[in-house]
Chemist: 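This structure is in structure tokens; I'll ask about it shortly.
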Amino acid sequence: MKVIQQSQPIYQQIYELIKHLIISGQIKPGSRINASKLAEEYGISRTPLREALRQLQKEQLLIQNNQGATVIELDQKDFEELCSSRLLLEREIIRLAVKEISDIELKKIDNIVTKAESLLEPGEDGHSFLELNTKFHEIIIHSISNKRLIQLLDQVRSLLLLYRATIVNYSDHYAEIIKEHRMILEALNDRDEEKAVRLVEEHLKNDQIRGQKYFETENISKKGD
């Protein structure tokens, strides 16, 4: 069990904990958040817990209904709209990143891609890959100076991570994704804006296709029930 630290507000720690459990797929879409159990498990009052849940509702990761706070369900139309929004935002971010990203940040990305390549060995789980995939994009996004643009994309990506946590368990495209990441990194190293934008567009469009395959599989499965 993660220990609550006194150096950080309790509600912030609980918010980050629950968010991590949701976007990593450890709390599944449609699951109810048991507030009483969480409060008892971490020895906290309901006040900071309610504040944490309110923040997650603002980010649309949770919805409030008769059952209490529930993780949002996966929806294909919503997924496609989020992918379109991400493409528009991340395309502009990569333009800025080509100019602003530091050599230190590029080295960090290289280490992430190299580590991801090592996960292609049999037996590795999807969650480790998902975390590295997330870090790859986070470093690029947070390398730019336009904080408003970062905030907008962070909101979109928080919702998409929920989808990706589920989709990654069905994915057999790890090698393909890593290859796309490696090519984007090379374009950034070369400070080639046109190439970087083109590669990011291709990568995000491929991500959407990979996600759509998950929904197609789920729809076939439901028809067969």
Side-chain angles (χ1 to χ4, degrees), residues 1-4 10-42 44 46 48-86 116 119 123-138 153-174 177 204 206-225:
M1 182 177 73
K2 185 177 178 181
V3 178
I4 298 296
I10 293 175
Y11 84 89
Q12 182 68 23
Q13 294 179 66
I14 296 298
Y15 155 77
E16 291 175 359
L17 170 65
I18 299 174
K19 183 173 182 177
H20 172 74
L21 293 174
I22 292 172
I23 64 178
S24 66
Q26 295 177 65
I27 298 180
K28 302 297 182 184
S31 299
R32 185 171 69 87
I33 301 297
N34 191 324
S36 299
K37 183 178 179 181
L38 282 173
E40 181 180 349
E41 182 177 357
Y42 290 95
I44 61 173
R46 299 291 291 273
L49 182 55
R50 282 196 295 267
E51 182 60 33
L53 296 179
R54 272 197 295 269
Q55 181 60 35
L56 290 165
Q57 287 175 42
K58 287 180 182 178
E59 295 181 13
Q60 300 176 47
L61 287 170
L62 295 180
I63 57 172
Q64 190 72 29
N65 56 28
N66 295 334
Q67 304 300 318
T70 305
V71 181
I72 65 166
E73 297 273 11
L74 301 181
D75 176 86
Q76 186 170 358
K77 184 175 184 296
D78 191 35
F79 172 74
E80 292 172 355
E81 289 178 353
L82 287 166
C83 285
S84 297
S85 299
R86 182 190 180 194
L119 295 181
E124 291 291 346
D125 67 276
H127 293 304
S128 297
F129 177 82
L130 178 63
E131 288 181 3
L132 291 171
N133 181 75
T134 300
K135 288 178 182 177
F136 173 88
H137 288 281
E138 282 181 348
L153 185 53
D154 277 347
Q155 183 179 9
V156 171
R157 290 183 73 251
S158 287
L159 292 167
L160 272 174
L161 283 172
L162 171 63
Y163 290 84
R164 291 180 64 81
T166 301
I167 290 166
V168 76
N169 292 322
Y170 293 81
S171 178
D172 56 356
H173 299 292
Y174 293 172
I177 293 169
L204 298 185
N206 287 340
D207 261 0
Q208 183 170 353
I209 292 170
R210 288 185 277 261
Q212 288 169 338
K213 287 181 179 178
Y214 157 76
F215 286 107
E216 289 169 5
T217 301
E218 288 296 288
N219 289 336
I220 292 172
S221 176
K222 288 177 181 177
K223 288 179 181 178
D225 290 341

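Quick caveat: nothing in here was measured; it's all calculated off a predicted structure.
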Chemist: Indicate the atoms forming the closest heavy-atom contact of Tyr11 with Ala52, along with that distance.
Modeler: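 Shortest heavy-atom separation between Tyr11 and Ala52 comes out as O-CB, 3.5 Å.
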Chemist: Can you give me the closest heavy-atom contact between Val156 and Ser85, atom names plus distance?
Modeler: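 Shortest heavy-atom contact: CG2-CB, 4.2 Å.
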Chemist: Rounded to the nearest 0.5 Å, what's the gap from OG1 on Thr70 to CD on Gln57? Could you check?
Modeler: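 Those atoms lie 9.5 Å apart.
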Chemist: Is the shortest distance from a Lys or Arg side-chain nitrogen in Lys135 or Glu131 to a carboxylate oxygen in the other one below 4.0 Å?
Modeler: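 No, this pair does not count.
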Chemist: List the atom of Leu53, the atom of Ala69, and the distance in Å for their closest heavy-atom pair.
Modeler: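 So the minimum-distance heavy-atom pair works out to CD1-CB, 4.5 Å.
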Chemist: Any chance you could measure Leu159, atom CG, to Asp154, atom CG, to the nearest 0.5 Å?
Modeler: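 The distance works out to 11.5 Å.
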Chemist: Sort out for me which residue in Leu204, Asp78, Asp207, Leu160 forms a side chain to side chain contact (heavy atoms under 4.5 Å, CB included) with Cys83.
Modeler: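 Going through Leu204, Asp78, Asp207, Leu160 one by one, the side chain to side chain contact (heavy atoms under 4.5 Å, CB included) with Cys83 is satisfied by Leu160 alone.
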Chemist: State, to 0.1 Å, how close Leu61 and Lys19 come at their nearest heavy-atom pair, and which atoms those are.
Modeler: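 Distance-wise, the nearest heavy atoms are CD1-CG, 4.0 Å.
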Chemist: Going from CZ on Arg157 to NE2 on His137, what distance comes out if it is rounded to the nearest 0.5 angstrom?
Modeler: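 Arg157 atom CZ to His137 atom NE2 measures 6.5 Å (nearest 0.5 Å).
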Chemist: Once you round to the nearest 0.5 Å, how far does CD of Gln155 lie from CD of Gln60?
Modeler: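 If I round to the nearest 0.5 Å, the distance is 6.0 Å.
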Chemist: Is there a donor in the side chain of Glu51 and an acceptor in the side chain of Gln55, or the other way round, less than 3.5 Å apart?
Modeler: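 Their side chains do not contain a donor-acceptor pair, so the 3.5 Å distance test is not met.
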Chemist: Check the pair Glu16 / His20 against side chain to side chain contact (heavy atoms under 4.5 Å, CB included), numbers first and verdict last.
Modeler: CA-CA 6 Å; Glu16 291 175 359; His20 172 74; over 6 Å; no
Chemist: Give me the atom names and distance for the closest heavy-atom approach of Arg86 to Leu153.
Modeler: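 For Arg86 and Leu153, the tightest heavy-atom pair comes out as CG-CD1, 3.9 Å.
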Chemist: State, to 0.1 Å, how close Arg46 and Ala35 come at their nearest heavy-atom pair, and which atoms those are.
Modeler: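 Smallest heavy-atom distance, with atoms named: NH2-CB, 3.7 Å.
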Chemist: Tell me, with the steps shown, if Leu62 and Ile72 meet side chain to side chain contact (heavy atoms under 4.5 Å, CB included).
Modeler: CA-CA 6 Å; Leu62 295 180; Ile72 65 166; over 6 Å; no
Chemist: How long is the gap from CZ on Arg50 to CD1 on Ile14, to the nearest 0.5 Å?
Modeler: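 If I round to the nearest 0.5 Å, the distance is 13.5 Å.
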Chemist: Find the distance between CG (Leu49) and CD1 (Ile18) and round it off to the nearest 0.5 Å.
Modeler: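 Going from the CG atom of Leu49 to the CD1 atom of Ile18 covers 5.5 Å.
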